[in-house]
J.: 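Just dropping this structure here.
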Amino acid sequence: MTGKLTIRIEKSFCAISQTSWSRLSGTSRVSSTEAPYNPFLSHAFLSSLEESGSATAKTGWLGHHLLLENDQGTLIGAVPGYLKSHSQGEYVFDHGWADAFDRAGGRYYPKLQCSVPFTPAAGPRLLAASGYDKASTELALAAGLQEVTRQLGISSAHVTFIAEDQLAAFEETDYLHRTDKQFHFINDGYPNHDAFLETLASRKRKALKKERRAAVENGITIDWLTGSDLTEDVWDQFFDFYMDTGSRKWGRPYLTRTFYSLVGERMAEDILLVMAKRGGKYIAGAINFIGGDTLFGRHWGCIEDHPFLHFEVCYHQAIDFALAKGLKRVEAGAQGEHKLARGYLPVTTHSMHYIAHPGLRRAVADYLEREREEVEYMNEYLSEHAPFRKGERQQED
């Protein structure tokens, strides 16, 4: 890479050109870059978070997007980032680090959070434009994040849910590596759900078939809604589900009603709503986003409780859709050992953390070394208890 490079910070994502952003890796379905399309990195998704009032300074997500430009002002790399005044909505938990630093007389917040707000889905975080050296661009971005952290005088920078092939750029600089686990369904070329079930142990297979039958008792039917199916009336109903479940789970749901209208308008073909209907009205639903090779399950809600309906709407139907569309995997969001019994395997997730204060850095480094060992042990343990027949599947790293 030759010529002068400049890093600048843009506080409003909506001020970034959609055309320039779409040239970055994984951000556009029509991009020629190598990374599969990731809907959460699209201009449509990130601008909708800001415009809807979901991720703004008022909610503790002040835009601080790092842009790498050449001497002609062309955008050749970027990192979506936010100055955070709290640690909510991230799914990689550092509350203990913040408490310890504050008790020692430090100031943990604000911190720089490089992620997609409210979205525990792995993907590129160091975004590089095609036509430039990818490795060099990623190294420049990783180093740039450290320099921005130092110049701002803040405690830390956190890059969460990183695609595994981008870890090297951080390992060459002064970041700490953190791991965790999720559960993903891996499509081994199954023609349909029954073919997938045949790979399970007999007892597990029978249990899942019984579970699926029980979920749709009481006259429940399931609809897949995408594209033009996503009307404002449908979003009204789904938002009721989201508010009901989100209020009980998080206290205050993160996403506004306007957010759903915006993504429904801008990226309807990238969205799948799995909606359960009884007595002529929808009673539950789950939202999924459709990537280049992955179905990303996000959240669900309901206004009626029915046995096993959550598993059917969120997990079984997601597998059905992925198989029907030839997608390689289903990522079912954060946590949830109950997913294992339904054919979702433990997968290691990664984040990188730059801690400016030497004392806090040493303490966090020691903690992460032990945590990585525990994550590795648990993934191996859980893989041994997967529902597949012996020899059918191995752990997905």
Side-chain angles (χ1 to χ4, degrees), residues 13 16 18-50 54-55 65-68 75-82 89-92 113-130 134 137-138 141-142 159-167 169-170 180 182-187 226 255 259 262-264 266-272 287-299 318 321-322 325-334 347-352 396:
F13 188 85
I16 302 172
Q18 182 174 355
T19 301
S20 296
W21 189 263
S22 68
R23 290 195 289 262
L24 300 177
S25 176
T27 65
S28 171
R29 282 198 182 276
V30 298
S31 173
S32 61
T33 54
E34 297 178 359
Y37 171 60
N38 187 308
F40 304 123
L41 294 171
S42 68
H43 195 279
F45 189 87
L46 290 168
S47 63
S48 295
L49 286 172
E50 180 178 301
S54 301
H65 311 293
L66 189 150
L67 306 181
L68 180 66
L75 182 64
I76 64 172
V79 183
Y82 301 83
E90 298 169 5
Y91 302 91
V92 177
Q113 184 72 27
C114 302
S115 64
V116 179
F118 325 121
T119 308
R125 293 295 178 261
L126 307 175
L127 306 179
S130 59
K134 182 174 182 289
T137 301
E138 291 180 353
L141 291 169
V159 191
T160 50
F161 295 102
I162 305 167
E164 191 169 0
D165 64 359
Q166 293 195 331
L167 294 178
F170 296 98
D180 202 349
Q182 287 186 349
F183 294 87
H184 299 175
F185 170 80
I186 311 300
N187 181 3
T226 189
L255 300 170
F259 169 79
L262 290 176
V263 294
R266 296 170 178 175
M267 50 192 311
E269 300 301 327
D270 296 341
I271 296 172
L272 168 70
I287 187 170
N288 305 264
F289 287 81
I290 308 166
D293 62 2
T294 301
L295 183 69
F296 299 93
R298 282 303 303 113
H299 46 264
F321 183 87
K325 301 300 181 181
L327 299 175
K328 292 182 179 179
R329 67 175 60 215
V330 179
E331 296 192 12
V347 174
T348 301
T349 59
H350 304 272
S351 60
M352 285 291 187
E396 294 287 334

J.: Give the minimum heavy-atom separation between Pro39 and Gly291, together with the two atoms involved.
T.: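 The answer is CD-CA, 3.7 Å.
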
J.: Not counting sequence neighbours, which residues clear side chain to side chain contact (heavy atoms under 4.5 Å, CB included) with Asp293? List them please.
T.: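 With neighbours one apart ignored, the set is Pro36, Lys328.
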
J.: Over all heavy atoms of both residues, which pair between Leu46 and Pro80 is shortest? Give the atoms and the distance, please.
T.: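 Nearest pair, atom of Leu46 first, then Pro80: CD1-CB, 4.4 Å.
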
J.: If we only count heavy atoms from C-beta on, is the Phe13 to Leu49 side-chain gap below 4.5 Å?
T.: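 In short, these two side chains do not touch, never coming nearer than 4.5 Å.
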
J.: Begin from the C-alpha positions of Phe45 and Asp270 and carry the test side chain to side chain contact (heavy atoms under 4.5 Å, CB included) through to its verdict.
T.: CA-CA 10 Å; Phe45 189 87; Asp270 296 341; over 6 Å; no

J.: Ala322: which residues meet the side chain to side chain contact (heavy atoms under 4.5 Å, CB included) condition with it, sequence neighbours left out?
T.: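 Per chain and number, Ala322 pairs via side chain to side chain contact (heavy atoms under 4.5 Å, CB included) with Leu327, Val330.
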
J.: Suppose we screen for side-chain hydrogen bond (donor to acceptor under 3.5 Å, both in side chains). Which residues come up paired with Ser351, at least two apart in sequence or across chains?
T.: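 By the side-chain hydrogen bond (donor to acceptor under 3.5 Å, both in side chains) rule, Ser351 matches His353.
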
J.: What's the spacing between Gln166 CD and Met352 CE if we round to 0.5 Å?
T.: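 CE of Met352 is found 11.0 Å from CD of Gln166.
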
J.: Would you call Tyr37 and Ser42 a side-chain contact if the rule is heavy atoms closer than 4.5 Å?
T.: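 Result yes, sub-4.5 Å side-chain heavy-atom pair found.
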
J.: Are any non-hydrogen side-chain atoms of Lys134 and Thr137 less than 4.5 angstrom apart?
T.: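 No, their side chains stay 4.5 Å or more apart.
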
J.: Considering residues at least two apart in sequence or located in another chain, which fulfil the side-chain hydrogen bond (donor to acceptor under 3.5 Å, both in side chains) criterion with Gln182?
T.: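 Partners of Gln182 under the side-chain hydrogen bond (donor to acceptor under 3.5 Å, both in side chains) test: His184.
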
J.: Could you work out, with ring pair (Phe, Tyr, Trp, His ring centres under 6.0 Å) as the rule, every residue matching Phe296, not counting sequence neighbours?
T.: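 Ring pair (Phe, Tyr, Trp, His ring centres under 6.0 Å) list for Phe296, sorted by chain: Phe40.
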
J.: Among all residues two or more places apart in sequence or in another chain, which pass the salt bridge (Lys or Arg N to Asp or Glu O under 4.0 Å) test with Glu331?
T.: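 Once residues adjacent in sequence are excluded, Glu331 has no partner under the salt bridge (Lys or Arg N to Asp or Glu O under 4.0 Å) criterion.
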
J.: Side chains of Ile271 and Ile287: closer than 4.5 Å at any heavy-atom pair?
T.: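 SC-SC contact between Ile271 and Ile287 confirmed.
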
J.: Can you confirm whether Arg298 sits close enough to Pro120 that some side-chain heavy atom of one is under 4.5 Å from a side-chain heavy atom of the other?
T.: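 The answer is yes; the side chains approach within 4.5 Å.
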
J.: Not counting sequence neighbours, which residues clear ring pair (Phe, Tyr, Trp, His ring centres under 6.0 Å) with Phe118? List them please.
T.: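 Ring pair (Phe, Tyr, Trp, His ring centres under 6.0 Å) list for Phe118, sorted by chain: Trp61, Tyr254.
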
J.: On a heavy-atom basis, which atom in Arg29 and which in Ile290 lie closest, and how many Å separate them?
T.: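 Answer, listing the atom of Arg29 first, then Ile290: NH2-O, 2.6 Å.
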
J.: Could you pull out all residues at least two apart from Ala163 that satisfy side chain to side chain contact (heavy atoms under 4.5 Å, CB included)?
T.: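 Ala163 satisfies side chain to side chain contact (heavy atoms under 4.5 Å, CB included) with Asp165 only.
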
J.: Apply side chain to side chain contact (heavy atoms under 4.5 Å, CB included) to Ser20 and list each qualifying residue two or more places apart in sequence or on a separate chain.
T.: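 Checked Ser20 against side chain to side chain contact (heavy atoms under 4.5 Å, CB included); matches are Ser17, Arg23, Leu75.
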
J.: Indicate the atoms forming the closest heavy-atom contact of Gly326 with Asn187, along with that distance.
T.: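 Result for this residue pair: C-ND2, 4.4 Å.
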
J.: Please check if the distance between the ring centroids of Tyr91 and Phe161 is under 6.0 Å.
T.: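 For Tyr91 and Phe161, the ring centres are not under 6.0 Å apart.
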
J.: Would you say that Phe289 contacts Thr119 through its side chain, given a criterion of any heavy-atom pair below 4.5 Å between the two side chains?
T.: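 Phe289 vs Thr119: side chains apart.
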
J.: Is the distance from the ring center of His65 to that of Tyr82 below 6.0 Å?
T.: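 Yes, close enough.
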
J.: Side chains of Ser47 and Arg266: any donor to acceptor distance under 3.5 Å?
T.: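 Ser47 and Arg266 do have a side-chain donor-acceptor pair below 3.5 Å.
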
J.: Taking only residues two or more places apart in sequence, or in another chain, which ones meet Asp180 in a salt bridge (Lys or Arg N to Asp or Glu O under 4.0 Å)?
T.: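 Partners of Asp180 by the salt bridge (Lys or Arg N to Asp or Glu O under 4.0 Å) criterion come out as none, since no residue qualifies.
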
J.: For Glu50, what residues pass the salt bridge (Lys or Arg N to Asp or Glu O under 4.0 Å) criterion, not counting sequence neighbours?
T.: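 Checked Glu50 against salt bridge (Lys or Arg N to Asp or Glu O under 4.0 Å); zero matches.
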
J.: Sequence neighbours excluded, which residues qualify as side-chain hydrogen bond (donor to acceptor under 3.5 Å, both in side chains) partners of Thr160?
T.: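 Counting only residues at least two positions away or on another chain, Thr160 forms a side-chain hydrogen bond (donor to acceptor under 3.5 Å, both in side chains) with Gln113.
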
J.: Is there side-chain contact between Phe321 and Asn288, with at least one heavy-atom pair below 4.5 Å?
T.: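 The answer is no, as the side chains (C-beta and beyond) never meet within the 4.5 Å cut-off.
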
